[in-house]
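Report on one structure; see the data block that follows.
Chain letters run A, B, ... following the sequence lines, proteins first, then strands; residues in each count from 1. All heavy atoms count here, side chains included; hydrogens, waters and symmetry mates do not.
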Amino acid sequence: MPELPEVETMCRGIRSIEGLQVMGFTMCECRLKPISIQPEASVIAAILVGSKVHKVSRLGKRVLVWFSGNRVLVIEPRMTGIVMLEDPPNQTHLRLEFRLVRGDAQVGLTSKNPTLPMLGEQKLLFWDRRGLGTVSLMSAEELEQQLVQRLGPDALQMTPALYVENFGTSRREIKVALLDQKLVAGIGNIYAAEILFMAGVDPRSRCDRLTSKQWYRISEATHGILNQAILHEGSTLSDGTYRNAINGEGSYQQCHRVYDREGLACLRCESGTVHRIVQAQRSTFFCPTCQKKRGLHPSLSD
DNA sequence: CATATGTCCTGAGAGC
DNA sequence: TGCTCTCAGGACATAT
């Protein structure tokens, strides 16, 4: 479930491809239904082979790979996609492969200096078990019109005032609204639960009924949870799907306070247990005892 | 306009 | 053991 921390980890993990030149690009053949790719792979290859990776960045839950010539490859991992350098979990679900090399100017130096990165090929891979991920190559202008303008502020840029401005008049439940990328970009099901637990806010609360104090706590929790999750390289759940760029696991799942802890004792209030409910066809985990619609549980300080 | 629901996809795990 | 069924939740299309 790559959400902001997992996608940020992917971006950091593949940043070493910045400056490399594309030698080849292929869509892997397999019995599975091919992932959505735009334009078709052969066209992408024709455009990108020979160009250099300018930089790697993140847009909400998407990985952006910028190339010379104002082109950007937009990768949406969705549920089970991973952008990685090497060692995919298996070959079956390997979807895309870039072959990359250092630019010509450095090739001569590399063989004489063993401290430089190896001479020869590096790869950039897109692996996706369920195949819900999408990949598209577009111009910077298309990115701006089709994506940037349709997304809310990045979750790590949120402030209490931005929360009030973007959410404050909505009648939707706060947990459901946090998943809406038009309101805030980067939060998914796991971190929405963890953020609201840290903030002490009932996930069923209507946005237009939250107090400014509660928005402040949600904003603080957004930064606290996401930054901590980034430090742990994201969450690898029991299905093991999410991996970092070199097939390692994240460790933030060990820090989850409510997600996937239905029936277990609340880690904060002791008297309560974690409940699971369904909101907008997604599981929500929370502690009814210390996540209140109004006011705060005594164990939460102001 | 705001909000709610259906759809895509594969494999793990439950139940019989 | 092996079959069928449900579920996981990203983003978007379509419906209310």
| Could you give the CZ-to-C1' distance, from A:R276 to C:dT6, as a whole number of Å? | 12 Å

| task | Would you indicate what A:G131 reaches in the nucleic acid, counting non-hydrogen atoms under 4.0 angstrom: base, sugar-phosphate, or nothing? | result | nothing

| Options B:dT3, B:dC8, C:dA8, nucleotide nearest the side-chain atoms of A:R172 | B:dT3

| said: Quiz question: by atom type and distance under 3.5 Å, do the side chains of A:Q253 and A:T236 form a donor-acceptor pair? | reply: no

| said: Reading DNA chain B from 5' onward, which residue's closest nucleotide shows up sooner: A:V176 or A:R282? | reply: A:V176

| Going by distance alone, is a donor N or O of one side chain under 3.5 Å from an acceptor N or O of the other, for A:T80 and A:D128? | yes

| note | A:I190 atom CD1 is separated from C:dG9 atom P, nearest whole Å, by 7 Å

| Do A:R130 and C:dA8 share a donor-acceptor pair, side chain to base, under 3.5 Å? | yes

| query | Can you tell me how far P of C:dA8 sits from CZ of A:R78, to the nearest Å? | reply | 19 Å

| Base, sugar-phosphate, or nothing: which does A:S283 touch, judged by heavy atoms less than 4.0 Å apart? | sugar-phosphate

| said: Taking the minimum atom-to-atom distance to the side chain of A:E76, which one of C:dG9, B:dT3, C:dC12 wins? | reply: C:dC12

| message | Looking at A:T80, I'd like to know whether one of its side-chain N or O atoms comes within less than 4.0 Å of OP1 or OP2 on C:dG10. | response | no

| Ring-face cation of A:R268 near A:F197 (centre distance under 6.0 Å, axis angle within 45°) | yes

| message | Looking at A:R62 and C:dG10, is any side-chain donor or acceptor paired with a base atom of the opposite kind under 3.5 Å? | response | no

| remark: Whole-Å distance, A:Q281 CD to C:dG10 C1', equals 14 Å

| message | C:dG10, OP1 or OP2 - any side-chain N/O from A:Y191 closer than 4.0 Å? | response | no

| Considering only C:dG9, B:dG6, B:dC9, which nucleotide approaches the side chain of A:N189 most closely? | C:dG9

| How long is the line joining CZ of A:R129 and C1' of C:dA8, in whole Å? | 9 Å

| Would you say the side-chain atoms of A:D154 pair up with the backbone N or O of A:G186, donor to acceptor, closer than 3.5 Å? | no

| To the nearest Å, how far apart are A:I277 CD1 and C:dG9 P? | 13 Å

| message | Donor-acceptor check, side chain of A:Q214 to backbone of A:V201, threshold 3.5 angstrom: yes or no? | response | no

| Whole-Å distance separating the CH2 atom of A:W127 from the C1' atom of B:dG11 | 10 Å

| task | Assign A:Y259 to base, sugar-phosphate, or nothing according to its heavy-atom contacts below 4.0 angstrom with the strands shown. | result | sugar-phosphate

| query | With no hydrogens and no angle check, do the side chains of A:Y242 and A:E3 hold a donor and an acceptor under 3.5 Å apart? | reply | no

| Do any side-chain nitrogens or oxygens of A:K61 fall under 4.0 Å of OP1 or OP2 in C:dA11? | yes

| query | Relative to the 5' end of DNA chain B, which residue comes earlier, A:L132 or A:K182, by the nucleotide with the nearest heavy atom? | reply | A:K182

| task | Please determine if a side-chain N or O atom of A:H93 lies less than 4.0 Å away from the OP1 or OP2 oxygen of B:dC9. | result | no

| query | In whole Å, what is the span from the CZ atom of A:R150 to the C1' atom of C:dC12? | reply | 10 Å

| query | How far does the P atom of B:dG11 sit from the matching atom of C:dA11, given to the nearest Å? | reply | 22 Å

| request: Among C:dG9, B:dC9, B:dT3, find the nucleotide with the atom closest to the side chain of A:K33. | output: B:dC9

